[in-house]
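So that the names make sense, note that chain A is the first sequence line, chain B the second, and so on, each numbered from 1.
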Amino acid sequence: MTAPSVDPEPPSDAPSHFIRDIIDEDLQQGTHDGRVVTRFPPEPNGYLHIGHAKSIVLNFGLAEDYAARGAETTCRLRFDDTNPAGESEEYARAIEEAVEWLGYTPDEVRHASDYFESFYDYAVTLVKKGLAYVDSQTEEEIRENRGTVTEPGIPSPYRDRSPAENLRLLERMKAGAFDEGAHVLRAKIDMASEHMIMRDPLLYRIRHATHYRRGDEWCIYPMYDFAHCLEDAIEDVTHSLCTLEFDNNRRIYDWILEHALPAEELPGRPHQYEFNRLNLTYTVLSKRKLLQLVEDATVDGWDDPRLFTLAGLRRRGVPPGAIRQFCRAVGVTRSPGRIQISRFEHAVRDFLNDKAPRVMAVLEPLRVVIENFEDATGLNAGEADWLEASYWPRDITGREGTRDVPFTEELFIERDDFREDPPEGFYRLAPGREVRLRHGYFLTCTGVEKDEAGNVTALRAEIDPDTRSGQAPDGRNPDGTIHWVSASESDPLEARLYDRLFTVEAPGDTDEDFRKHLNPDALVTREAARIEPSVARTLREEPQRPDQKEGSAMGRATRLGVQRFQFERTGYFWPDPEDHTPEAPVFNQIVPLRDSWAEDDSGLTAEELAARRREKERQRRRQRERATAGQRDPVEDFGPGQRKRFEHLRDERGLDRDDAAVLAERLPLADFFDAALDVHDAPQAVANWTINELLRELEDAAPAASLDALPFEAAAFGRLVKLADEGTVSSAAAQKVFSEMLAEGTPPEQIVEKRGLHRLEDTKALRDAARKVAEEHPEEAARYREGETKLLGFFMGQIMQATDGTADAQEARAALRDVLAE
RNA sequence: UGCUCCGUAGCUCAAUCGGCAGAGCACUGGUUUCUGGUACCAGGGGCUGAAGGUUCGAAUCCUUCCGGAGCAGCCA
């Protein structure tokens, strides 16, 4: 069977990463017949957070992208519900809803609990093969006998029970004949393994518990390591993606599949790949910490907008598309790290910028009385001058629409937009100063009213009647533009502003209680805010979406979900799905706008950046000292045989101590080295090849065995080194010869003949090659002539490629210099 | 301390087969602007964790060291 042809080019917005590379490779090799099958496998025992979103976006996104390229793809939602404790239908439903909200429809929803019968059959297979046994030690005994990371474990006294006895016991375990903890089923692998996970891992334990889907049908439940790989195999998953902490578990994943699956299924079996989980600064994402915050009512439930749970983000108003965009942007790698929260905020703003209509709301109102209102507008004091205001700034293309905003004698402006004594660089309102009212007149502050305590209670002002359009006939242009609402014709509003939950970057990282660093200002409520009247109208007229789910909080949120606004100059907002009513509007701030005036920015200041750089420099210096101090004499750990060999290599063969140590540490390699020397008596050259080229091809754990497995003898290796050392072939060509020897076992001389790899010293031929290369890369050649001499390396690379690595380096370099100088 | 994984700009990631160390975000400045928003332009930032080695040439290969994370649940 041949794999269906798959478009080699990924979609342009799909970032490339190592998992894609693996899939591309598999597609090319036809490993899974052109299929890409992934899954998102949550346990239904908690709510999802943004870290899960990364996994969802990865798994479903891969399926989408490869489907678009012509591969046969599937991505399922699979509940990993193998442990009855804590799992529930409620969680499962919430998870399903969250996945859907994020914008993905699983090809299928499956449950690991539907596979319990199959798991059991696989367990029986292992028992019959003598690869699993029933252990009757107590929990403590098992733990103690497992050993530690440095000491091997002690085999269980029950380890050698016969398959027949194990089978009998396993059947009775399943039948419910035993109490919890009386027996467990364990894989029989290696109690001394340096991988703790392989010290006879548990496969089944007894739990007399009611499972939310299977009820009391089962009283033995499979462990993760046993079940997960089999779930993948049952579902024909091709690429099983999980987070880095399962790296160690991959060993048992592979072991179970290789021993439980029938041989014919092995070539297409699933493989596990691990990627870095998403961590964010200034917040916590672990299930346990989240639970703690909810339980001691630090936050107001799982959907508290301060939390990075999916429910919290949803209630806060973050659109799913922004989360998807963010998850794609953070990348998929194997290096753990912590993403700066400003990255997330940027993603949300970026997503909302061209989607949220602009309106005006004043969060902390300060009353302004227009003293010349009647004169300037020609209206009576109680009337409103309705100004047409665009929903979109001119640079958001493709969006249209305006609404009318009432301009009345008394207005509210943002308290923050007025300073009686303006600091340097402040270009909003101050006594005697003129600003532009957004979508309206120019306004000059003519007076300040204060209470007895000296607090500003109201401003008096005048407008310029000629500036109704927002332009002045004389062309003057105020520095500041501020937003405003009518005092009489605006709606009251409660605005909830959210900030990072913690005051430190990594709240969970130290030993102390992470709740010590809670940010008291993570939620700030502005209860006296006011908003222009058009918004209430917009919300009322908004048609209901047909796909909403009635009844649930999320369903109500969906209905309102199409209404996210930018409150000009303050941020993106939407009505709170729980508490907002038309009579008493409540809006959540989704994310503030960037504010280069505000001191408190979510990004880093220049000083902070510099401080970090200095700190990193210090760390590097300290590390350098420690690295050199830690260097110790390798010979110290040698046994007498190795020591003798070391001295021989160093004193008789004349190797330097590092090389001698590497060889002496691996005695079979030293033997190979000696044998090669019989052919070509140049110890340093042979040592270089042995250590730098040969060693890389050998298994660390079993050098002797992999030496035996080589398709050539030490003598052939020695002859290769001789060819290189004596200049018959260049060292680059010698490397090519070597890799062909590894693959085919052909004698080196034959390869050189067949491929024509003799060293090329012919000056004329090299000059021709150099000229050709220079012609093919005129831009680089010009840059070289302008003094970018480091490009010589680039040209050398080209020549080497053109001559199959045979060019003599010195001659080639000289030829290039000459040709390029012309 | 055994094993596994990971160290490239402040952060997240690139860098075909060993061949010119780059991008986005963040930062600084400028242009545009009826949002201190957006967009656009420019700039600063790197001893590729360190030291040795192989090579004409190393972020990439070899050795050693340093640092960080994970693994000793009948959780997943």
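Within the nucleic acid shown, Y427(A) comes within 4.0 Å of at least one base atom, counting heavy atoms only. Heavy atoms of T82(A) sit under 4.0 angstrom from primed sugar atoms or phosphate atoms, though from no base atom. F795(A) comes within 4.0 angstrom of nothing in the nucleic acid, heavy atoms only. R338(A) comes within 4.0 angstrom of sugar-phosphate atoms only, judged by non-hydrogen atoms across all strands, and of no base. Looking at heavy-atom distances under 4.0 Å, G425(A) makes contact with a base. Counting non-hydrogen atoms under 4.0 angstrom, F426(A) reaches a base of the nucleic acid. Here R622(A) lies out of heavy-atom contact (under 4.0 Å) with every strand. As judged by a 4.0 angstrom heavy-atom cut-off over every strand, H439(A) is placed among the base-contacting residues. Nucleic acid contact class of T148(A) (heavy atoms, under 4.0 Å, all strands): base.
Nearest approach of E141(A) to T138(A), heavy atoms of both residues: OE1-N, 2.7 Å.
In this structure, Q631(A) places its CD atom 4 Å from C1' of rC65(B), rounding to the nearest Å. Between E776(A) atom CD and rG19(B) atom P there is a gap of 18 Å when expressed in whole angstrom units. For L792(A) and rG19(B), the CG to P distance is 16 Å, given to the nearest whole Å. We find that CZ of R186(A) is positioned 11 Å from P of rG73(B), with the value rounded to whole Å. When the P atom of rA50(B) is taken as reference, atom CZ of R626(A) falls 14 Å away, rounded to whole Å. rG19(B) atom P lies 17 Å from atom CD of E788(A), rounded to whole Å. Atom pair Q272(A):CD and rA76(B):P shows a separation of 15 Å (rounding to whole Å applied). The CG atom of D658(A) sits 12 Å away from the P atom of rU63(B) (whole-angstrom rounding).
Glycosidic conformation of rC20(B) is anti; the angle lies outside 90° of 0. With its glycosidic angle more than 90° from 0, rG52(B) is assigned anti.
Residue Q566(A) places a side-chain atom within donor-acceptor reach of the base of rU35(B), judged by atom type and a 3.5 Å distance cut-off alone. Judged by atom type and distance alone, Q623(A) does not reach the base of rG67(B) through any side-chain donor-acceptor pair under 3.5 Å. Contact annotation: side chain of N248(A) to base of rG70(B), donor-acceptor pair present below 3.5 Å. On a pure distance criterion of 3.5 Å, no polar donor-acceptor pair joins the side chain of R696(A) and the base of rC62(B). For a distance-only test at 3.5 Å, the side chain of R613(A) fails to qualify as a donor-acceptor partner of the base of rG45(B). Below the 3.5 angstrom threshold, one finds no donor paired with an acceptor across the side chain of N249(A) and the base of rG70(B). Within 3.5 Å, no donor on the side chain of R394(A) pairs with an acceptor on the base of rU33(B), nor the reverse.
For rC27(B), the paired base is rG43(B) (Watson-Crick or G-U wobble, both distances below 3.5 Å). Pair check for rC17(B) finds none; no Watson-Crick or G-U wobble contact set falls under 3.5 Å. In a base pair of the Watson-Crick type (N1 to N3 plus N6-O4 or O6-N4) or a G-U wobble (N1-O2 and O6-N3), with each distance short of 3.5 Å, rU35(B) is matched with no nucleotide. In this structure, rA69(B) forms a base pair with rU4(B), meeting either the Watson-Crick or the G-U wobble geometry with both donor-acceptor distances under 3.5 Å. With a 3.5 Å ceiling on both atom-pair distances, rA9(B) lacks any Watson-Crick or G-U wobble partner. Pairing for rU63(B) is with rA51(B), a Watson-Crick or G-U wobble pair whose two hydrogen-bonding atom distances lie under 3.5 Å.
For E779(A), the CD atom sits in a loose shell: 12 or fewer heavy atoms of surrounding residues, nucleotides or ligands are nearer than 6.0 Å.
Spacing between rA59(B) and rG49(B) at atom C1', rounded to whole Å, works out to 12 Å. With P as the reference atom, rG29(B) and rC20(B) are 35 Å apart, rounded to whole Å. Rounded to a whole angstrom, the distance from the P atom of rU35(B) to that of rG43(B) is 28 Å. Annotation: rG18(B) and rG2(B) have their P atoms spaced 32 Å apart (nearest Å). The P atoms of rC41(B) and rU4(B) are separated by 48 Å, rounded to the nearest whole Å. Using P as the reference atom, rC62(B) and rG37(B) are 50 Å apart when rounded to the nearest Å. Taking atom C1' on both rG70(B) and rU64(B), the two are 24 Å apart, rounded to the nearest angstrom. To the nearest whole angstrom, the two C1' atoms, one in rC27(B) and one in rG68(B), are 26 Å apart.
Counting heavy atoms from C-beta on, the side chains of T570(A) and V362(A) never come closer than 4.5 Å.
Centre separation under 5.5 Å together with a plane angle under 30° holds for the ring of W597(A) and the six-membered base ring of rG36(B), marking them as stacked.
Dashed line: the shortest gap from a side-chain N or O of S335(A) to OP1 or OP2 of rA69(B) is not under 4.0 Å. When the side-chain nitrogen and oxygen atoms of S596(A) are compared with OP1 and OP2 of rG37(B), one or more of them lie within a distance under 4.0 Å. The side chain of R569(A) places an N or O atom within less than 4.0 Å of a non-bridging phosphate oxygen (OP1 or OP2) of rG36(B). Taking 4.0 angstrom as the limit, R620(A) places a side-chain polar atom (N or O) nearer than this to OP1 or OP2 of rC47(B). T333(A) has a side-chain polar atom (N or O) that falls below the 4.0 Å cut-off from OP1 or OP2 of rC13(B). Close to rC5(B), at under 4.0 Å from its OP1 or OP2, lies no side-chain N or O of R334(A). An OP1 or OP2 oxygen of rC74(B) is reached within less than 4.0 angstrom by a side-chain nitrogen or oxygen of R146(A). Phosphate contact (OP1/OP2 of rA39(B), side-chain N/O of R349(A), threshold under 4.0 Å): absent. Between K616(A) and rG67(B) there is no side-chain polar atom (N or O) within less than 4.0 angstrom of OP1 or OP2. OP1 or OP2 of rA76(B) has at least one side-chain nitrogen or oxygen of R205(A) nearer than 4.0 Å. Using a 4.0 Å cut-off, some side-chain N or O of N276(A) falls inside it from OP1 or OP2 of rC13(B). Within the 4.0 Å cut-off from OP1 or OP2 of rC17(B), not a single side-chain nitrogen or oxygen of K736(A) is found.
Salt-bridge check for E617(A) with R614(A): failed, with every basic side-chain N at 4.0 Å or more from each acidic carboxylate O. For the pair R334(A) and E274(A), the salt-bridge criterion is met [side-chain N within less than 4.0 Å of a carboxylate O]. Between R569(A) and D417(A), at least one side-chain nitrogen of the basic residue sits less than 4.0 Å from a carboxylate oxygen of the acidic one, meeting the salt-bridge criterion.
Remark: aromatic rings of Y204(A) and Y221(A) are distant, center separation not under 6.0 Å. Under the 6.0 Å cut-off for aromatic ring centres, F565(A) and Y572(A) do not qualify, their centroids lying 6.0 Å or more apart. You'll find the ring centres of H17(A) and F275(A) outside the 6.0 Å limit.
RNA chain B is contacted by both G630(A) and I482(A); I482(A) maps to the nucleotide lying nearer its 5′ end (nearest heavy atom per residue).
Geometric assessment of K736(A) against the ring of F738(A) yields a negative cation-pi assignment under the 6.0 Å and 45° thresholds.
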